[in-house]
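None of the values given here were measured: they were computed from a predicted structure. The sequence lines fix the lettering, A, B, ..., with proteins before strands; numbering per chain opens at 1.
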Number of protein chains: 4
Amino acid sequence: MSANQSVPDVTRRSERSRRAIYDAALALVAEIGYPKTTIEGIASRAGVGKQTIYRWWSSKADVLLEAFLDLGEQAAEAAGQAPYTFPDTGDLAADLKQVLRATVDEMRDPAFEAPSRALAAEGVVNEELGREFVAKLLEPQLQLYVDRLRSAQDAGDVRPDVDPRIALELFVSPLAQRWLQYTAPISYEYTDTLVDYALNGIAPR
Amino acid sequence: MSANQSVPDVTRRSERSRRAIYDAALALVAEIGYPKTTIEGIASRAGVGKQTIYRWWSSKADVLLEAFLDLGEQAAEAAGQAPYTFPDTGDLAADLKQVLRATVDEMRDPAFEAPSRALAAEGVVNEELGREFVAKLLEPQLQLYVDRLRSAQDAGDVRPDVDPRIALELFVSPLAQRWLQYTAPISYEYTDTLVDYALNGIAPR
Amino acid sequence: MSANQSVPDVTRRSERSRRAIYDAALALVAEIGYPKTTIEGIASRAGVGKQTIYRWWSSKADVLLEAFLDLGEQAAEAAGQAPYTFPDTGDLAADLKQVLRATVDEMRDPAFEAPSRALAAEGVVNEELGREFVAKLLEPQLQLYVDRLRSAQDAGDVRPDVDPRIALELFVSPLAQRWLQYTAPISYEYTDTLVDYALNGIAPR
Amino acid sequence: MSANQSVPDVTRRSERSRRAIYDAALALVAEIGYPKTTIEGIASRAGVGKQTIYRWWSSKADVLLEAFLDLGEQAAEAAGQAPYTFPDTGDLAADLKQVLRATVDEMRDPAFEAPSRALAAEGVVNEELGREFVAKLLEPQLQLYVDRLRSAQDAGDVRPDVDPRIALELFVSPLAQRWLQYTAPISYEYTDTLVDYALNGIAPR
DNA sequence: TGTTAACCGAGACGGTACGTCGTGTCTTACC
DNA sequence: GGTAAGACACGACGTACCGTCTCGGTTAACA
């Protein structure tokens with residue numbers, strides 16, 4: 001009376017196919033956009049049977065999420081150091097501005113933008129994927145802000161009663177929203193301003 | 001030298017069908033979700049031919065956007081008169097907290113949440129719709145924050161050099177991101193904290 | 001309690017529209033073929049409202065049948081004499097061969113062929129139209145053969161016990177079938193042979 | 001330099017689906033008539049996806065043609081062995097009359113009439129299908145007449161200079177036309193008369 | 001000489017079917 | 001047993017016409 005929906009045997013999995021599927025998925029999303037990217041299209045481009053995709057992933061979004069995670073790991077490995085680091089020069093404002101400027105650059109990189117937007121969009125409407133996206137991609141990066149802000153609290157540059165997990169949203173979320181929803185253009189000047197407003201508040205002192 | 005792709009005659013448009021289509025679209029999105037909502041489903045539920053939808057709208061997202069806009073107008077008309085208002089008691093922090101708490105309530109209202117998320121998600125991946133969504137829905141509401149902040153500047157409660165269009169993002173965007181992307185839970189306490197941080201900054205005084 | 005399906009008033013009918021509809025129908029059938037000819041297409045080409053067609057005809061086939069009949073009348077009128085005539089030189093074989101050769105010519109005239117085939121095809125599958133087609137178009141022409149054969153019987157060139165209505169089919173039907181069903185090519189030589197076989201039989205004397 | 005429009009793999013074809021499609025097509029044509037028979041209707045009745053029809057046939061007419069051919073093969077297989085046979089008792093007139101009477105019976109059999117008329121009608125207006133219809137269905141049967149007439153020529157019952165392919169039309173085509181175009185009723189007496197006229201001619205001896 | 005009822009053009013409407021595309025499942029043959 | 005290939009049932013797409021229906025605007029017979 002054993003289950004018949006054969007659990008795939010990971011040890012026999014074809015590494016070759018997996019790589020080809022990642023590449024195809026990322027390429028198609030970049031070239032024709034997420035909505036026009038199809039499982040059949042990925043399979044065909046990767047020279048792979050459809051079943052091979054359905055065996056290992058549950059949906060188009062799932063494929064793309066893993067492909068995107070893999071892309072990040074590849075990039076980090078290539079760069080040859082820890083995937084996530086955050087500058088700590090002692091000057092909090094400068095460090096934040098630097099990281100946000102780098103984020104702006106990333107947002108403008110087409111290779112990053114297409115899959116990133118696609119996953120974000122899917123996550124808005126598909127809570128499960130959304131939470132996975134946050135847990136695996138977003139939160140680890142936000143945690144770096146938390147760490148840096150705690151270090152700033154130790155140095156007395158941030159009030160000790162401030163919750164770093166909330167504070168970081170003051171500069172990260174506005175940028176994210178402008179980028180995701182096209183509410184307004186993004187620029188270095190803008191992110192610098194965000195840091196200034198957030199650190200010092202907008203009320204007169 | 002005129003275009004030949006016959007523009008439909010707006011004066012002959014059936015008001016009855018338009019209403020039925022709005023109702024069906026909103027109901028279906030709420031009941032079965034945006035991805036499972038189809039043009040055929042809307043047409044069938046509205047008792048309308050598919051062509052009647054394609055004649056007046058260009059896509060499922062377009063239908064939903066107009067339906068949602070109409071819903072807002074209907075609601076405003078039914079309730080008071082002015083569709084958009086913002087409290088101005090003289091106490092900026094209190095006013096902001098009140099509005100944000102109302103926004104939290106709205107975000108938890110299923111009738112609002114389903115179409116709203118769907119449109120936001122679609123806008124992330126479809127720039128044209130995204131910009132339309134912002135222009136017709138988001139920006140008018142953000143403008144109310146701008147006005148209130150300017151009034152606060154006149155009262156000396158906000159530094160005169162602060163750009164209100166950027167400042168408002170300090171409390172609006174974090175909430176938006178938590179809701180859209182499920183990065184963290186939302187609550188009155190959270191929005192209150194955002195207002196406090198944003199108004200006073202997080203650096204020690 | 002009178003019927004509400006207003007019987008159209010023939011006296012007020014627009015002659016202009018009728019002509020335009022006939023012309024459009026015949027032109028479209030010749031240009032794009034009967035199956036691709038649509039009521040909307042005819043209306044549009046004739047510069048006429050769809051309702052004007054539906055008011056006076058019951059179907060596409062009906063329009064075409066009348067258009068074709070009208071075409072015949074026009075042609076006869078233009079030729080300036082009786083629409084149907086049949087030579088009677090006293091030489092039955094020669095007369096029949098001449099008429100059949102003329103029929104072959106007609107079958108090869110594109111202006112005649114397209115609508116003629118279309119009506120015949122429709123008549124095969126739509127008994128009512130088929131009978132109307134026969135009664136109004138085919139039978140009057142076959143009657144001329146009957147008359148000529150009777151004249152031949154009077155002259156002693158055809159056995160008196162022969163039924164002319166059946167006899168005529170011996171040369172008319174084979175030609176018709178070859179043309180309608182593409183069973184074999186048609187030519188003067190072929191029709192001449194048919195006349196010879198039919199008149200003299202195929203058994204040795 | 002090979003074509004890229006993926007030719008389906010015939011070896012993987014579902015025999016089950018093909019049979020179901022044939023049955024559904026023939027049943028629908030018999031029940032509701034050819035014009036009201038739709039691809040969707042056939043697919044639905046056969047419990048088959050539309051694509052499965054489009055994969056193997058190019059049109060409704062094509063499906064019906066193959067279904068009809070298959071029906072003939074099935075019937076022949078079920079009955080005797082040889083699909084096409086023709087009596088040869090030595091009495092040409094009797095043999096022809098027998099076969100034509102059988103044809104009259106067939107023409108009155110609803111199971112045969114509906115698809116047969118539909119295909120004939122389609123063939124009138126669609127030359128390609130018409131020629132296929134003739135080549136696969138009509139001509140093989142006409143060839144039997146040719147053979148029988150040649151045998152009669154050997155026996156001296158038909159003049160040696162007569163072309164059998166033409167001669168057979170003297171009795172076959174009139175019957176075909178009366179049936180197809182409703183030009184006149186058909187009966188045993190009528191077909192008997194045709195044979196008499198054709199064999200002996202209509203001119204006095 | 002207005003009035004008015006019908007035809008007329010135009011085309012929106014609720015429908016049905018089209019032929020295509022993609023889904024997720026299944027089967028086949030290969031490795 | 002994983003794999004490339006692809007047939008299959010299914011469902012939705014966006015388009016084309018169907019036949020019905022309104023909507024002004026002519027137009028001809030009657031008041």
Side-chain angles (χ1 to χ4, degrees), chain A residues 5-14 16-17 20 36-44 46-56 58-60, chain B residues 6-14 16-17 20 36-41 43-44 46-56 58-60, chain C residues 5-14 16-17 20 36-44 46-56 58-60, chain D residues 6-14 16-17 36-44 46-56 58-60:
Chain A
Q5 54 220 31
S6 57
V7 176
D9 179 345
V10 188
T11 65
R12 309 195 108 197
R13 182 169 186 180
S14 162
R16 200 177 178 290
S17 295
K36 289 195 177 174
T37 297
T38 65
I39 299 267
E40 292 202 339
I42 295 170
S44 158
V48 137
K50 271 201 289 179
Q51 199 54 247
T52 300
I53 298 184
Y54 283 110
R55 181 152 31 232
W56 302 109
S58 65
S59 66
K60 179 171 75 160
Chain B
S6 59
V7 176
D9 181 344
V10 187
T11 66
R12 290 220 197 271
R13 184 166 184 181
S14 161
R16 201 175 178 290
S17 296
K36 289 196 177 174
T37 297
T38 64
I39 299 269
E40 290 202 341
S44 157
V48 139
K50 268 202 286 183
Q51 202 56 49
T52 299
I53 297 185
Y54 284 110
R55 183 153 32 230
W56 302 110
S58 64
S59 66
K60 179 170 76 160
Chain C
Q5 51 220 31
S6 56
V7 175
D9 179 346
V10 187
T11 66
R12 306 194 119 197
R13 183 168 184 180
S14 161
R16 201 174 178 291
S17 296
K36 289 194 177 174
T37 297
T38 64
I39 298 268
E40 292 203 339
I42 296 171
S44 159
V48 137
K50 274 203 286 182
Q51 199 55 248
T52 301
I53 297 185
Y54 284 110
R55 183 154 30 228
W56 302 109
S58 65
S59 66
K60 179 171 73 159
Chain D
S6 61
V7 176
D9 180 344
V10 185
T11 68
R12 297 236 157 136
R13 182 166 185 181
S14 162
R16 201 176 179 290
S17 295
K36 288 195 178 174
T37 297
T38 64
I39 298 268
E40 291 201 341
I42 296 171
S44 156
V48 138
K50 267 202 287 183
Q51 201 56 49
T52 299
I53 298 185
Y54 285 110
R55 183 152 33 230
W56 302 110
S58 65
S59 65
K60 179 171 74 160

Interatomic distance, OG1@A:Thr37 vs NZ@A:Lys60, rounded to 0.5 Å, equals 6.0 Å
N/O (side chain, C:Thr52) to phosphate O (OP1/OP2, E:dG9) under 4.0 Å: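 So the side-chain polar atoms of C:Thr52 do come within 4.0 Å of the phosphate oxygens OP1 or OP2 of E:dG9, strictly under.
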At under 4.0 Å, does any side-chain N or O of B:Ser17 touch on OP1 or OP2 of E:dG14?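 Answer yes for this pair, as a side-chain N or O of B:Ser17 is under 4.0 Å from OP1 or OP2.
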In this structure, are over 12 heavy atoms from other groups packed under 6.0 Å from A:Arg16 atom CZ?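 Atom CZ in A:Arg16 is not crowded, with 12 or fewer foreign heavy atoms closer than 6.0 Å.
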Smallest separation among heavy atoms of [X] and [Y], with atom names:
X       : Y       : answer
C:Ala46 : C:Ala20 : CB-O, 3.5 Å
B:Val10 : B:Trp56 : CA-CH2, 3.9 Å
C:Ile39 : C:Ser59 : CD1-C, 4.3 Å

How many Å lie between CD1 on D:Ile53 and C1' on F:dA7, as a whole number? 14 Å
Over how many whole Å does the gap from B:Asp9 atom CG to E:dA12 atom C1' extend?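 Rounding to the nearest Å, CG of B:Asp9 and C1' of E:dA12 are 9 Å apart.
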Most 5' of C:Trp56 and B:Arg16 on DNA chain E, judged by nearest nucleotide: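 The residue closer to the strand's 5' end, by nearest nucleotide, is C:Trp56.
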Go through E:dA12, F:dA9, F:dT3 for me and flag the one nearest to the B:Arg55 side chain. E:dA12
By nearest-nucleotide position on DNA chain F, the 5'-leaning member of D:Val10 and A:Gly49 is A:Gly49
Non-hydrogen side-chain atoms of B:Lys50 and B:Ile53 separated by less than 4.5 Å: no
Could you encode protein contacts along nucleotides 17-27 of chain E as a string, one character per nucleotide from 5' to 3', using B for base contact, S for sugar-phosphate-only contact and - for no contact, with a heavy-atom cut-off of under 4.0 Å? BBBBBSBBBB-
